[in-house]
Amino acid sequence: MRELEAVIAGHDLAYYQSGEPTISDHEYDKLYRELEELELKFPEEKSAHSPTQRVGNDLLESFENKPHLLPMLSIDDVFSEEELSAFWKRLEKLTGDEKIPVSIEPKIDGVAVSLVYREGKLDYALTRGDGKSGDDVTDNVKTIRGIPLTLAMETPPALMEVRGEIYIGKRDFEALNHKREEEGKALFANPRNSTAGTIKLLDSREVAKRPLSFIAHGIGSYEGVSLSSEAQFRTYLKAWNIPLNEPVFSATTFEEVWEAVNKLDQIRHELPHMTDGAVIKVESFEERQNLGVTARAPRWAAAFKFPPEQKETQIESIEVQVGRTGVLTPVANLKPVHVSGTTVSRATLHNQDEIDRKDVRVGDTVLIEKAGEIIPSVVKVLYEKRPEGAEPFKISEYLNNECPACQQPIAQEEGQVAWRCVNFSCEAKMADRLAHFASRKALDLASMGGAVSESLVARGYVKSPIELFTLDLESLGNLNLGSDENPRTYGVKNATKLINSLEKAKASIPLSRWIYGLGI
Ligand code: IVH
């Protein structure tokens, strides 16, 4: 059993950290099952650090609060070259040195955790909490395959608190949201939010299904062979198979630091995870000790926050979409442009007030950035580039005072910025109302994405959320999600899931969520 544990851990490492599987999935499954069978036969021999323990359980009712051995501090943020230079001058003054060896690495936009290893075994894992104590999320953290349960080293440290960030990689995030869309679940706003939500799930079997990763960036309490610098710490992390933060730059002068920070800013969009800054840390642990900490943050580190990348592009057209409550949202169609790692071709203009305030017109050249690196928005119009004859955009004029979906009148209520379609049975509104009713915070229905809601309404299956409860399995299974020429059926499997979750909702969803779901 010990041998199988080690062999499987080795394959996990190759697969999840190096991204280079060493055996086929089938062979892996065979080894895994063999270990599982042995563990069933000899439960007293089963190790708490066995790779089979990564699947999670649903035992938790809430998280236990536990103290950190050393406080988890924050970092002081700096937002400009001047502020960074002031940080550097303070370092020079406090150390009395002209050249100060520092490292510069990406600031990972994730959720901070502290992993406690005793005698080389993962003992428990805590969230940051208030910095003094955090929530015990050990079961959830154990599902993250990139985190070793056992340190690969003959004489591991007796005790070690490893600090780092849990995150969902950009690609994994897109795949996760895509899957949720297909399953009809609410989409996550950004990787950080979904990570934070995931790590606090009480059912770690659910956590095991989410693509969480981990990168270490620091150390708390430690009893082991002496560590004297960041570089040495990184060498040890590597030896322990703990994922470390890359790339890392070295510098000894402010000019070099500034160069490294700018270099990081250029390459950060190619990194697999979200990065919102560069962390500058004094290399020497002895020097860190001398510099000490304030109540909030160490004096030996600073985080330079990157401003969001902005790009110029042109508005080719503006269209108006109808939402659940009938709100009409103007959306700009843009000449496609690469911003913060993806191609952007649309940006919301929010409402008429926003359009007026920024004076956005079709044909305008605009500056685009991604709020939180995900959602594109128009920062400002470059008026000097406005083509002749560009007209102010008025939602009501553009729509001829008609809803683009149902052609019924639109209106702007007094004191409100939004234009709305006021037709209660507008199909576009109805589809969005259904999707809202099915969303996670409402009834959390299975297999009910946006496309399903739209088809249910368009094909005349339902006119209101409550009519969902009258659907029968057979006709629902035949629902056509595609076009008449290119039919794509919903299927009995999906229909069963939806009907089961409707039944379950009747028994378990509290009144507050029905009220929310119905939009009352
Ligand atoms: S070093 C004593 N390095 O950002 C704090 N922190 O905003 C030293 N973070 O508390 C932490 N990436 O949770 C460090 N490369 C990095 C980081 C990083 C993200 C987090 C960390 C920190 C928070 C402060």
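Order of appearance sets the numbers: ligands from 1, and atoms from 1 within every ligand.
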### Task
Give the C-alpha distance, both sets of side-chain angles, the deciding distance and a yes or no for ring-ring contact (aromatic ring centres under 6.0 Å, His included) between W300 and F285.
CA-CA 10 Å; W300 45 262; F285 283 12; 7.9 Å; no
### Task
Classify the contact between R128 and ligand 1 as side chain, backbone, both or neither, using a heavy-atom distance cut-off of under 4.0 Å.
side chain
### Summary
Quick note on ligand 1: atoms under 4.0 Å from a heavy atom of K107 include exactly 4 (O), 7 (O), 12 (N), 19 (C), 23 (C), 24 (C)
### Query
Any ion pair linking D203 and R205 (charged N to carboxylate O, less than 4.0 Å)?
yes
### atom 17 (C) of ligand 1 [closest protein heavy-atom partner, distance rounded to 0.1 Å]
H217 CD2, 3.3 Å
### Task
Starting from atom 1 (S) of ligand 1, locate the nearest protein heavy atom and write down its residue, its atom name and how far away it is, to 0.1 Å.
K281 CE, 3.4 Å
### Query
Between N245 and ligand 1, is there a nitrogen or oxygen pair with a distance under 3.5 Å?
yes
### Query
Are side-chain N/O atoms of S85 and E81 paired as donor and acceptor at under 3.5 Å?
no
### Query
Would R118 and E223 pass as an ion pair if we require N to O under 4.0 Å?
no
### Task
Please confirm whether D77 comes within less than 3.5 Å of ligand 1 when only nitrogen or oxygen atoms on both sides are compared.
no
### Task
Please determine if K263 forms a cation-pi arrangement with F249, meaning its NZ or CZ atom is less than 6.0 Å from the six-membered ring centre and no more than 45° off the ring axis.
no
### Electrostatic pair R288:E283 at N-O distance under 4.0 angstrom
no
### Query
Going by the atom numbers of ligand 1, which of them fall below 4.0 Å from some non-hydrogen atom of E165?
9 (N), 13 (O), 19 (C), 20 (C), 21 (C)
### Task
Report the part of E105 (side chain from C-beta onward, or backbone N, CA, C, O) that has a heavy atom under 4.0 Å from ligand 1; answer both or neither where that applies.
side chain
### Message
Counting only heavy atoms, tell me which of V293, V113, I75 gets closest to atom 11 (C) of ligand 1.
### Response
I75
### Query
Thinking salt bridges, do E369 and K311 make one under a 4.0 Å N-O criterion?
no
### Query
Pick from E36, E39, E5: which one makes a side-chain hydrogen bond (donor to acceptor under 3.5 Å, both in side chains) with S50?
E39
### Query
Should E105 and K281 count as an ion pair when the cut-off is N to O under 4.0 Å?
yes
### Summary
Numbered in order shown, the ligand 1 atoms found under 4.0 Å of a heavy atom of A112 are 13 (O)
### Message
Which of the numbered atoms in ligand 1 are under 4.0 angstrom from any heavy atom belonging to P298?
### Response
2 (C)
### Backbone or side-chain N or O of P106 under 3.5 Å from ligand 1 N or O
yes
### Query
For atom 19 (C) of ligand 1, which candidate among L73, D76, I108 provides the closest heavy atom?
I108
